[in-house]
Amino acid sequence: MNTGPEDGAVVVETTATGAAEEDEAAPGRERAVARARLWERLAQWMFITPAAAYLLLFFGYPIVKNIVMSFQQYTTTTFYTGAAPFVGLQNYSKILSSDLFSKALLTTVLFTAGSIFGQFVLGLALALFFRRSFPLGRVLRSLLLLPWLLPLVASGTMWRWMLDPDTGVVNDALRHLHLSSSGIPWLTGTSQALVSVILVNIWVGIPFNTTILYGGLQDIPTHLYEAAKMDGAGPVMSFRHVTWPLLRPVVSVVLVLGVVYTAKVLDIILVVTGGGPANATETVATQSYELSFQQFEFGRGAAMSNILVVISLAFALVYLRANRRARNV
């Protein structure tokens with residue numbers, strides 16, 4: 001049946017009417033979409049604001065206060081008078097020109113390097129060991145976390161008793177094994193004391209390294225090892241060409257966090273050796289504590305802690321940049 005002129009006119013009129021209604025409804029839809037986006041953004045800010053306020057109050061303010069304090073003569077009298085004279089860089093100049101600071105800085109480097117090396121090597125070895133399935137493997141992995149879960153003061157007290165030169169169980173075992181007749185002055189010798197706190201810190205940090213590295217090993221596909229084995233690669237070659245390249249991002253995180261945590265270690269050194277003997281285990285962190293809470297020179301103590309923060313950040317930036325360049329080569 002043919003469509004007449006009147007029917008065509010009706011269709012055109014209906015189409016025009018629908019288009020006009022859509023044009024009128026378009027601004028309403030746009031306003032509704034804009035309103036929905038606004039509420040979505042408000043909801044996001046409602047979730048972010050408490051966390052941001054917490055960070056600013058409990059992290060931002062102490063950092064800013066510590067920086068300001070380092071440029072002031074902030075002592076115990078300041079708490080009563082409220083006066084903290086501005087001294088500029090005087091606190092920093094006194095610290096940097098001190099012989100004790102140079103010795104503490106060297107001790108910090110040795111303590112950090114020795115701890116990180118021992119923690120990483122042993123942690124990686126244990127991570128590789130636990131990657132294989134064997135009876136009671138999960139139980140042993142759980143028990144491995146105990147040194148990390150114990151309070152550092154409790155761990156330091158236990159090791160101080162074990163390493164006691166006269167009544168410690170370590171020297172007692174060495175005497176019974178005829179490895180040392182008089183024992184080793186773990187806590188009283190100037191060279192042995194630093195080794196002692198390094199060993200204790202290695203013991204504390206192994207679980208952290210093992211856990212993170214073990215998680216990284218679990219993400220490496222097994223078919224890569226099967227392909228390497230088919231190509232004739234042994235365990236050493238598989239580790240060199242498969243495990244290590246794919247584990248490097250995790251290694252970077254472990255090393256950077258390890259250095260930052262180790263450089264500021266305070267509890268273990270204070271409990272085990274107290275910074276002695278003869279300042280042999282005095283680090284930048286312990287010296288900052290001593291200046292602030294023993295000599296009550298809060299300005300100098302704040303300056304010392306700021307120096308430690310700058311050193312840690314500088315190492316992290318240099319290491320991460322060098323590691324990025326190595327991956328790009």
Side-chain angles (χ1 to χ4, degrees), residues 51 54-56 58-67 69-70 92 95-96 101-102 104-124 127 145 147-153 155-156 194 197-216 247-272 275 281-292 301-327:
Y54 174 82
L55 292 175
L56 290 175
F58 294 100
F59 289 91
Y61 174 76
I63 292 174
V64 174
K65 183 64 176 178
N66 195 73
I67 295 174
M69 191 185 299
S70 65
Y92 291 94
I95 290 172
L96 295 176
F101 171 75
S102 59
L105 182 60
L106 177 61
T107 304
T108 302
V109 173
L110 295 176
F111 174 77
T112 304
S115 299
I116 294 301
F117 178 79
Q119 291 174 1
F120 179 78
V121 172
L122 295 177
L124 180 59
L145 295 175
W148 193 26
L149 299 176
L150 288 175
L152 294 179
V153 175
S155 300
L194 181 58
V197 292
I198 289 175
L199 292 176
V200 175
N201 195 56
I202 289 175
W203 180 81
V204 171
I206 285 177
F208 172 78
N209 285 259
T210 303
T211 302
I212 303 300
L213 293 173
Y214 177 80
L247 197 63
R248 285 186 65 175
V250 180
V251 170
S252 299
V253 174
V254 170
L255 292 180
V256 171
L257 292 179
V259 170
V260 173
Y261 292 155
T262 305
K264 65 181 184 64
V265 166
L266 180 67
D267 315 60
I268 293 176
I269 297 177
L270 289 181
V271 174
V272 176
T281 56
E282 187 85 20
T283 62
V284 176
T286 59
Q287 195 174 7
S288 175
Y289 172 83
E290 181 180 348
L291 288 172
S292 299
M304 181 72 74
S305 63
N306 289 335
I307 292 174
L308 181 60
V309 170
V310 171
I311 293 174
S312 300
L313 289 178
F315 169 82
L317 292 175
V318 170
Y319 177 80
L320 290 176
R321 177 171 294 184
N323 190 60
R324 183 180 301 175
R325 289 180 179 178
R327 289 202 305 264

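Worth knowing before you read on, the calculation uses all heavy atoms, side chains too, and leaves out hydrogens, waters and symmetry mates. Throughout, numbering of the chain's residues begins at 1 and tracks the sequence.
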Smallest heavy-atom separation, P147 atom then S155 atom, equals O-OG, 4.3 Å

Would you please test F315 and V260 for side chain to side chain contact (heavy atoms under 4.5 Å, CB included) and show each step?
-> CA-CA 9 Å; F315 169 82; V260 173; over 6 Å; no

Apply the side chain to side chain contact (heavy atoms under 4.5 Å, CB included) test between T283 and each candidate in L266, L105, T108; give the one that qualifies.
-> T108

Taking E282 for its side chain and Q287 for its backbone only, find out whether a donor-acceptor pair lies under 3.5 Å.
-> yes

Could you tell me whether the side chain of N306 and the main chain of A302 form a donor-acceptor pair under 3.5 Å?
-> yes

With sequence neighbours excluded, what pairs up with L308 under the side chain to side chain contact (heavy atoms under 4.5 Å, CB included) test?
-> A263, K264, V284, A285, S312

Report the distance from atom CG of N201 to atom OH of Y261, rounding to the nearest 0.5 Å.
-> 13.5 Å

Between the side chain of S70 and the main-chain N/O of I67, is any donor-acceptor distance below 3.5 Å?
-> yes

Can you name the side chain to side chain contact (heavy atoms under 4.5 Å, CB included) partners of L194, sequence neighbours left out?
-> T107, L110, F111, V197, I198, T281

Those residues at least two apart in sequence (or on a different chain) that pass ring-ring contact (aromatic ring centres under 6.0 Å, His included) with Y289 are F293

Are T211 and L145 close enough that some pair of their side-chain heavy atoms sits under 4.5 Å apart?
-> yes

Quick one: CD1 on I268 to CG on L199, what's the gap to the nearest 0.5 Å?
-> 11.5 Å

How many angstroms lie between CD1 in I202 and CZ in F120, if you round to the nearest 0.5 Å?
-> 13.5 Å

Should F101 and I307 count as side-chain neighbours, where that means a heavy-atom distance under 4.5 Å?
-> yes

Could you state the interatomic distance from CG (N66) to OG (S292), rounded to the nearest 0.5 Å?
-> 8.0 Å

Is the shortest heavy-atom distance from the side chain of L213 to the side chain of V251 under 4.5 Å?
-> yes

Inspect the surroundings of OH in Y319 and state if more than 12 heavy atoms from other residues, nucleotides or ligands are less than 6.0 Å away.
-> yes

May I have the step-by-step check of side chain to side chain contact (heavy atoms under 4.5 Å, CB included) for L124 and L247, ending in yes or no?
-> CA-CA 10 Å; L124 180 59; L247 197 63; 3.9 Å; yes

Out of curiosity, I269 CD1 to T286 OG1, how far, rounded to the nearest 0.5 Å?
-> 5.5 Å

Non-hydrogen side-chain atoms of I212 and V250 separated by less than 4.5 Å = yes

Quick check: does any side chain N or O of Q119 sit under 3.5 Å from a backbone N or O of V204, one acting as donor and the other as acceptor?
-> no

